[in-house]
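Have a look at the structure below, then the notes.
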There are 2 protein chains.
Amino acid sequence: MRTKTKKLSEKIITFIIENISGDDGRSDVTEESIAAHFRVSRTPVREVLKHLEHNGIIQTRRSKGIFSKNFTREDVENIYEVRTVLEELAAKDAVKSITPQVLKELRTYARITKEARKKRDRRKSNEADRLFHETIMELSGNGYLKRIVKEIRMVTTSFIPASKLFYLNNKDRNPYSHDKIVKALATRNPEAAAWVIKNHICWIKNNILESLEKNGKRDQGKK
Amino acid sequence: MRTKTKKLSEKIITFIIENISGDDGRSDVTEESIAAHFRVSRTPVREVLKHLEHNGIIQTRRSKGIFSKNFTREDVENIYEVRTVLEELAAKDAVKSITPQVLKELRTYARITKEARKKRDRRKSNEADRLFHETIMELSGNGYLKRIVKEIRMVTTSFIPASKLFYLNNKDRNPYSHDKIVKALATRNPEAAAWVIKNHICWIKNNILESLEKNGKRDQGKK
DNA sequence: ATATATTACTATGTATGCAAAATAGCACAA
DNA sequence: TTGTGCTATTTTGCATACATAGTAATATAT
């Protein structure tokens with residue numbers, strides 16, 4: 001169980017995503033501040049930052065600090081278009097190797113997600129949601145696909161910073177639910193599974209777009 | 001025309017991909033040697049290395065140096081599976097905004113690729129091939145898709161190091177040629193375009209698998 | 001001659017220091 | 001008050017120096 005080694009960079013990533021803003025002026029998140037927070041030097045922090053910058057999650061402006069990318073409606077649509085075809089692919093591959101055990105596991109995650117959401121336990125519901133999708137990825141047997149979708153999930157997560165993270169609770173439930181995904185997978189019909197996944201993600205996308213429109217009006221004028 | 005700034009990291013990437021090997025023992029490619037070659041310090045080199053390592057192209061072993069990943073047949077299939085659905089997506093989107101001008105441009109790249117390949121001018125044919133595919137990406141209007149496919153192309157390029165790069169010349173031509181892709185795009189039928197692209201890439205994948213099998217036998221036993 | 005312990009070396013990981021760029025604050029003049 | 005130029009400050013970019021881990025080679029004992 002190797003956990004300690006990798007965890008630092010993961011922690012730094014989480015920390016950054018949760019703390020950065022896209023405002024102008026000076027950012028209170030700097031290489032120095034992150035380094036100080038984790039009691040390391042700037043060097044390892046920089047490596048994480050470069051990674052995030054490369055993935056388009058942050059942008060660093062010299063002598064100003066680190067800022068979140070202000071995603072446009074188009075950006076969100078583009079990224080979700082990519083994520084959709086990749087999760088469809090995963091679902092299609094997953095049906096080939098599905099087992100009763102895994103189906104049971106998926107149902108458990110689906111149940112936990114639903115219950116936690118009902119109780120407004122955002123952290124727990126997100127965690128179970130993540131496990132649900134990652135299990136399907138795992139099932140696809142395609143390690144590269146798994147890795148790349150994980151990256152994309154990191155981007156989409158950053159769309160909705162913690163401060164704005166209310167959208168899930170205020171909305172109706174996703175009509176293309178995890179339960180329906182499980183049912184489709186159980187039929188072992190690739191196209192059916194892909195269809196449900198596609199609609200599932202499409203619903204999430206629309207939800208995020210709505211949320212961004214509600215929250216993001218003020219960011220409009222700024223360059 | 002900002003070229004100088006970004007070029008260094010691009011050059012470093014090219015240099016690394018062209019020089020690393022997957023052998024055991026000590027590598028002659030080290031942070032130090034790369035830094036010395038480009039007359040910079042290890043710091044900027046490390047940033048590029050971390051990026052490549054993250055993309056799964058290289059692996060760095062402490063006190064041994066930098067090595068290429070030894071891709072298995074399964075890795076190649078996984079990565080090409082991902083690339084295929086993404087290029088299909090690009091083609092489907094591209095037909096929406098295709099114009100006679102772009103079709104002409106694509107035909108030009110197709111012609112140059114073909115001619116250069118006939119003359120065994122590998123560099124030129126690769127360049128034109130890249131432009132062909134990137135033009136379709138551009139046409140899709142999805143910047144994120146464009147970026148992510150570019151990354152994947154970097155990985156697939158690293159499958160076949162320069163030293164082994166003969167496969168293209170020794171084989172029959174791709175039956176799902178660039179010409180046929182252009183024709184399919186011209187019909188503005190998304191499914192048709194995606195179908196040709198899919199087969200085009202599938203042919204390349206099989207070609208690479210064959211080449212790896214011929215060249216890579218010796219890498220088998222090693223961990 | 002072979003196996004093992006010790007030592008020197010090599011290359012990465014991390015920290016620190018210095019240079020450059022861009023901003024923000026302040027003084028001063030109109 | 002408002003605009004302009006200078007200076008100090010902030011923060012990134014790059015370089016260097018030190019710490020650590022893993023390897024290879026040598027020496028020693030059996």
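All values below come from the heavy atoms of this structure, side chains included, with hydrogens, waters and symmetry mates left out. Numbers restart at 1 for each chain; the letters A, B, ... are given by sequence-line order, proteins then strands.
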5'-most by nearest nucleotide on DNA chain C - A:S41 or A:K64: A:S41

Could you check how far [atom1] of [X] sits from [atom2] of [N], rounded to whole Å?
{"X": "A:D28", "N": "D:dT9", "atom1": "CG", "atom2": "C1'", "value": "17 Å"}
{"X": "A:E32", "N": "C:dT14", "atom1": "CD", "atom2": "C1'", "value": "15 Å"}
{"X": "B:R62", "N": "D:dT23", "atom1": "CZ", "atom2": "C1'", "value": "13 Å"}
{"X": "B:R42", "N": "D:dG13", "atom1": "CZ", "atom2": "C1'", "value": "16 Å"}
{"X": "A:F38", "N": "C:dT14", "atom1": "CZ", "atom2": "C1'", "value": "17 Å"}
{"X": "B:R26", "N": "D:dA25", "atom1": "CZ", "atom2": "P", "value": "8 Å"}
{"X": "B:E31", "N": "D:dT16", "atom1": "CD", "atom2": "P", "value": "15 Å"}
{"X": "B:R39", "N": "D:dA15", "atom1": "CZ", "atom2": "C1'", "value": "16 Å"}

Is the distance from OP1 or OP2 of C:dG13 to the nearest side-chain N or O of B:R46 less than 4.0 Å?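 Checking B:R46 against C:dG13: at least one side-chain N or O falls below 4.0 Å of OP1 or OP2.
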
C:dT10 OP1/OP2 closer than 4.0 Å to side-chain N/O of B:S63: no

Do NZ/NE/NH1/NH2 and the carboxylate oxygens of [X] and [Y] come within less than 4.0 Å?
{"X": "B:E77", "Y": "B:K205", "value": "no"}
{"X": "B:K198", "Y": "B:E88", "value": "no"}
{"X": "B:K119", "Y": "B:E115", "value": "no"}
{"X": "B:E47", "Y": "B:K50", "value": "no"}

Describe the nucleic acid contact of B:L49 in one word from base, sugar-phosphate, nothing, applying a heavy-atom distance below 4.0 Å. nothing

Is a donor-acceptor pair below 3.5 Å formed from side chain B:T43 to base D:dA15, judging by atom type as modelled? yes

